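See structure below.
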Amino acid sequence: ADCEKCDRLVELCLKYDGKSRTAEYNFYRTTEEEDLDDDEQEGGGSGAVEFAALNAKLKGGGDLFHRLGSITAFACVGSKRCHKHILKQLTLQKSGIGTIKASIEEFVKMLGRSSQKDQLEKYLSEI
């Protein structure tokens, strides 16, 4: 039963990784990005495009991707059997632990100093 849950966790993590990447890609293809870019140049460059792209990515699945990546890392750190199984599933899905690490690294960048950030950084060093 634990392995089935790990399988589903990997499946969902990869699904939301794809959705968030698609949302970010679509953002950069829209005229909204061009409008923000024009406003940014007029206003001296406030990073509006990057913030809007991040917002699109988070709304498009990035938030769930970060949370699922954190849960996956928790499972990997807490159980050698789960870690081994998750690595196997990631490989079968033509992915790797780098995807999980990337989700956590992105999440950590958005967090202020906190116990949650410290815990995620610990997971990063252990997986």
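Predicted, not measured: the structure shown is a model, and the values here were computed from it.
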Would you call Arg81 and Cys3 a side-chain contact if the rule is heavy atoms closer than 4.5 Å? yes
Nearest atoms (heavy-atom pairs only) where Ala23 meets Ala56: CB-O, 3.5 Å
So, do Leu58 and Met110 sit near enough that their side-chain heavy atoms are less than 4.5 Å apart? yes
Rounded distance (nearest 0.5 Å) linking atom CG of Leu64 with atom CZ of Arg67: 7.5 Å
Atom of Ala75, atom of Cys82 and distance for their closest heavy-atom approach: O-CB, 3.7 Å
If you group Ile, Leu, Val, Met, Phe, Trp and Tyr by side-chain heavy-atom gaps below 4.5 Å, do Ile127 and Leu14 land in one group? yes
Nearest 0.5 angstrom please: Lys109 NZ to Leu54 CG, how far? 10.5 Å
Lys/Arg-Asp/Glu bridge criterion (N-O < 4.0 Å) met for Glu105, Lys101: no
Flag the pair Val49 / Tyr28 as yes when at least one side-chain heavy-atom distance between them is below 4.5 Å, and no otherwise. yes
Would the distance check show the side chain of Thr91 and the main-chain N or O of Leu87 forming a donor-acceptor pair, the cut-off being under 3.5 Å? yes
Beyond-backbone contact of Lys59 with Asn55, side-chain heavy atoms, under 4.5 angstrom: yes
Is the shortest side-chain heavy-atom distance between Thr99 and Phe65 below 4.5 Å? yes
Answer with yes or no whether the hydrophobic clustering places Val77 together with Val108; edges join I, L, V, M, F, W, Y residues whose side-chain heavy atoms lie under 4.5 Å apart. yes
OG-CD distance between Ser95 and Gln89, expressed to the nearest 0.5 angstrom: 11.5 Å
Carefully, step by step, assess His66 and Ile104 under the rule side-chain contact (heavy atoms from CB on, under 4.5 Å). CA-CA 6 Å; His66 295 146; Ile104 296 170; over 6 Å; no
Starting at CG of Asp17, measure out to CD of Glu106 and round the result to the nearest 0.5 Å. 8.5 Å
Apply salt bridge (Lys or Arg N to Asp or Glu O under 4.0 Å) to residues Glu11 and Arg8 and explain how you reach the verdict. CA-CA 5 Å; Glu11 176 189 332; Arg8 184 72 173 139; 2.7 Å; yes
Can you tell me if Thr72 uses its side chain to pair, donor with acceptor, with the backbone of Leu68 under 3.5 Å? yes
Which of Arg29, Lys57, Lys19 passes salt bridge (Lys or Arg N to Asp or Glu O under 4.0 Å) with Glu24? Answer is Lys57
Indicate the atoms forming the closest heavy-atom contact of Ser20 with Gly61, along with that distance. CB-C, 3.8 Å
Heavy-atom side-chain proximity of Ile100 to Cys76 below 4.5 angstrom: no
As a quick check of understanding, evaluate salt bridge (Lys or Arg N to Asp or Glu O under 4.0 Å) for Glu121 and Arg113, giving each step before the final call. CA-CA 11 Å; Glu121 288 172 338; Arg113 264 288 133 210; 3.5 Å; yes
In Å and rounded to the nearest 0.5 Å, what is the NE2 to CD distance from His83 to Glu126? 10.0 Å
For residues Ser70 and Tyr123, determine if any side-chain heavy atom of one lies less than 4.5 Å from a side-chain heavy atom of the other. no
State plainly whether one hydrophobic cluster holds both Ile71 and Val10, where clusters connect Ile, Leu, Val, Met, Phe, Trp and Tyr through side-chain heavy atoms under 4.5 angstrom apart. no
Under a single-linkage definition using a 4.5 Å side-chain heavy-atom cutoff for Ile, Leu, Val, Met, Phe, Trp and Tyr, are Leu9 and Phe107 assigned to the same hydrophobic cluster? no
Taking the side chain as everything from C-beta on, heavy atoms only, tell me whether Leu120 gets closer than 4.5 Å to Leu124. no
Euclidean distance, Thr30 OG1 relative to Asn26 CG, rounded to 0.5 Å: 8.5 Å
